[in-house]
Amino acid sequence: MGLWKFSSNSSTSETDDYDPSRLLNIERQGSFDERSLKELSFRLAKAALDDYDVNYSPRSWGHSSPFSSPRSSFEYHPMVADAWEALRESVVSFDGEPVGTIAAVDHASEEVLNYDQVFVRDFVPSALAFLMNGEAEIVKNFLLKTLHLQGWEKKVDRFKLGRGAMPASFKVMHDPSSKRDTLMADFGESAIGRVAPVDSGFWWIILLRAYTKSTGDNSLAESPECQQCMRLILTLCLSDGFDTFPTLLCADGCSMIDRRMGIHGYPIEIQALFFMAMRCALGMLKHDTRGKEIIERMVKRLHALSYHMRSYFWLDFQHLNDIYRYKTEEYSHTAVNKFNVIPESIPNWVFDFMPTSGGYFVGNVSPARMDFRWFCLGNCVAILSSLATEEQATAIMDLIEARWDELVGEMPLKVAYPAIEGHEWRITTGCDSKNTAWSYHNGGSWPVLLWLLTAACIKTGRPQIAMKAIELAETRLSMDSWPEYYDGKLGSHIGKQARKYQTWSIAGYLVAKMMLDDPSHLGMVSLEEYKELNPVLKRSYTCLS
């Protein structure tokens, strides 16, 4: 078997699995670098021989489990051992069983705040690292504990949240006198700004599928409790209302961008996660009486959402030119400028940022408003979920290569680009001192995004991009004590308020490293094109011109 092997337990469904043959199908992508793939294969082979006698096993709680096989490891790096040691230190237990990883183990920081809690979105890269390492117990325990918390009564200032809402985080409270553990969940009532997380439920469904794919164990997903959990999450999101769009209306601060950043409305991150969660649920929900109705509603929503996103959120060179020439105040079904976007609202930076070959999904589209900012997580998830067509996925990769200094710089990876400054910053963020220009969520660089970039690169047949980004991270990340984020236009400075030993920075690196080592892991987080979706209206894909 060749170095690019794909394990059977990563692909168990014919409708949504990653097809490994596509990784080597060079001809289907004109911009694919064949020489880079050959160089990567050579490095894989060389490292496999060099590491043949390496016997490395990261420490674990109560048992020893191997890191991905050194015989197939493309490159051993000392940071890997450091990362595993730091990740183990972040593990938190409930009644003696591991249930998650806390957000950060920063011993140098006097302020703990909520970094000693297990966050649903933060735990995902940790969970993937453990799954790739053959340690599924902690992931199963986490899924069951958060499933239990969903059933709690959820109130914020006497207002009751929907039944399907999942917590943003939970904390394990140890009582030394009774020697009992209890859980304390946060559904947004303790969060900065009091915003409930919209993305937690989506990440829970995505992680449930990853666990099922990795272990081959369908019993957890098929249990009545998990089936009910998925139905509640999706019912909450599919509720009928006054909205005329298939996208999900959200408040500011409801996702990874968890502070006021002007993403209210229909942020790309939430739409991509919503799409992916529905795709994942389609493969796990039972077609019984209770599941059939929600499945039918999801299929209809997927059709509408994919058309909407691919048509109206997509921006490339020609589409930008079309918007530049838009007429306004158009009426009736024949309107071209359907959202009445004023051409004068296009920021000047977009014209310099947009290459002739490349494109991306913009941050937000709503009446008279188009947020042209680049958001990394939403675009990567769009690729992994196949919300992006193959042509669009290729164009996103082209954009990242063409705008490497802006989006990657000295430390992967810009969460959003560009930063907002001056008067716009004061109005949009409410003068948020943590979100100053090129810091935190306002143009900061987040190492956790490395795993999402790597997954997207492998899926699009561009592993050399991920390798270059990982090599950048390896120059500083461990030496800098695994910061939460970096500041500056190039991401050259440790974030002014960044926690050290941030768990998802550590786990994101490990997942990226292991995924390049064994691309079969991609099957946990990648979905192929949903064949039932109707063909979309073709726009100009400049990367194919």
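FYI, side chains are in, hydrogens and waters are out, and symmetry mates aren't considered; it's all heavy atoms of this structure.
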Exercise: identify the closest heavy-atom pair between S385 and F275: O-CE2, 3.4 Å

Nearest atoms (heavy-atom pairs only) where L384 meets A456: CD2-N, 3.8 Å

Heavy-atom side-chain proximity of L413 to L450 below 4.5 angstrom: no

Backbone N/O of A221 and side chain of Q227: donor-acceptor pair under 3.5 Å: yes

Salt bridge present between R310 and E529 (N-O < 4.0 angstrom): yes

Centroid separation H493 to W438 less than 6.0 Å: no

CA sep, side-chain torsions, deciding dist, call: K140, T215, side-chain contact (heavy atoms from CB on, under 4.5 Å): CA-CA 10 Å; K140 183 176 183 178; T215 63; over 6 Å; no

Distance in Å, N379 CG paired with M397 CE, rounded so as to fall on 0.5 Å steps: 8.5 Å

Neighbour count >12 (heavy atoms, 6.0 Å) for atom CZ, R163: no

Taking every non-hydrogen atom, the tightest pair across L236 and A165: CD2-N, 3.7 Å

Rounded distance [0.5 Å steps], CD1 in I506 versus OG in S90: 6.5 Å

R373 and P418, any side-chain heavy atoms less than 4.5 Å apart: yes

Full working for side-chain contact (heavy atoms from CB on, under 4.5 Å) between C280 and I206: CA-CA 6 Å; C280 289; I206 292 166; 4.2 Å; yes

Verdict with supporting geometry, I138 and V99, side-chain contact (heavy atoms from CB on, under 4.5 Å): CA-CA 5 Å; I138 185 174; V99 293; 5.9 Å; no

Pairwise side-chain contact, I270 with D199, heavy-atom cut-off 4.5 Å (strictly under): yes

P246 backbone acceptor or donor facing R301 side chain under 3.5 Å: yes

M261 versus I257, closest heavy-atom pair with distance: CB-CG2, 3.6 Å

Polar side-chain atom of Q150 near backbone of G164 as donor-acceptor pair, under 3.5 Å: yes

Steps toward side-chain hydrogen bond (donor to acceptor under 3.5 Å, both in side chains) verdict (H174, D181): CA-CA 5 Å; H174 299 281; D181 293 340; 2.7 Å; yes

Other residues, nucleotides, ligands: >12 heavy atoms within 6.0 Å of K300 NZ: no

Expected output: side-chain S214 to main-chain A210 donor-acceptor under 3.5 Å: no

Separation of M256 CE from L273 CG (nearest 0.5 Å): 11.5 Å

Y440 and D487: CA distance, side-chain angles, deciding distance, side-chain hydrogen bond (donor to acceptor under 3.5 Å, both in side chains) verdict: CA-CA 7 Å; Y440 199 52; D487 285 353; over 6 Å; no

Whether W84 and F130 hold their rings parallel, tilted or perpendicular, with breakpoints at 30° and 60°: tilted

Main-chain N/O of L143 paired with T146 side-chain donor or acceptor, under 3.5 Å: yes

CZ/R290: more than 12 non-hydrogen atoms of other groups inside 6.0 Å: no

Test: D175 and R180 ion pair at under 4.0 Å: no

Close side-chain approach of V448 to P125, heavy-atom, < 4.5 Å: yes

Atom CG of N348 with >12 non-hydrogen neighbours under 6.0 angstrom: no

Minimum-distance pair of heavy atoms, taken over all atoms of S306 and L387: CA-CD1, 4.0 Å

Over 12 foreign heavy atoms within 6.0 Å of NZ, K496: yes

Within-4.5 Å side-chain heavy-atom neighbours: R231 and L285: yes

Short N-O contact, D432 and R260, less than 4.0 angstrom: no

Crowding at NZ, K489 (>12 non-hydrogen neighbours, <6.0 Å): no

Atom pair OG/CG of S200 and L149 - distance to nearest 0.5 Å: 11.0 Å

Under 3.5 Å donor-acceptor, R279 side chain and E528 backbone: yes

Side-chain heavy atoms of C431 within contact of W425, under 4.5 Å: yes

Donor-acceptor pair, side chain of N364 and main chain of Y266, under 3.5 angstrom: yes

Non-neighbouring partners of F375 that pass ring pair (Phe, Tyr, Trp, His ring centres under 6.0 Å), sequence neighbours left out: none

Side chain S386, main chain A382, donor-acceptor under 3.5 Å: no

A419 backbone acceptor or donor facing N442 side chain under 3.5 Å: no

Candidate pair V198 and L248, rule side-chain contact (heavy atoms from CB on, under 4.5 Å), full reasoning: CA-CA 10 Å; V198 176; L248 194 61; 4.0 Å; yes

Residue pair M309 / I268, side-chain heavy-atom distance below 4.5 Å: yes

Between CE on residue M230 and CE on residue M298, distance to nearest 0.5 Å: 8.5 Å

CD/E293: more than 12 non-hydrogen atoms of other groups inside 6.0 Å: no

Heavy-atom side-chain contact between Y115 and T503 under 4.5 Å: no

Aromatic ring proximity, centroids under 6.0 angstrom, W504 and Y509: no

Contact summary for R403 and D352, nearest pair of heavy atoms: NH2-O, 3.2 Å

Residue among Q497, R499, Q502 satisfying side chain to side chain contact (heavy atoms under 4.5 Å, CB included) with Y485: Q497

Near-ring test W374/F353, centroid separation under 6.0 angstrom: no

Gap separating the CE atom of M173 from the CG atom of L183, nearest 0.5 angstrom: 10.5 Å

Donor-acceptor contact below 3.5 Å, side chain S439 vs main chain T436: no

Ring centroid separation F339 to F245 under 6.0 Å: yes

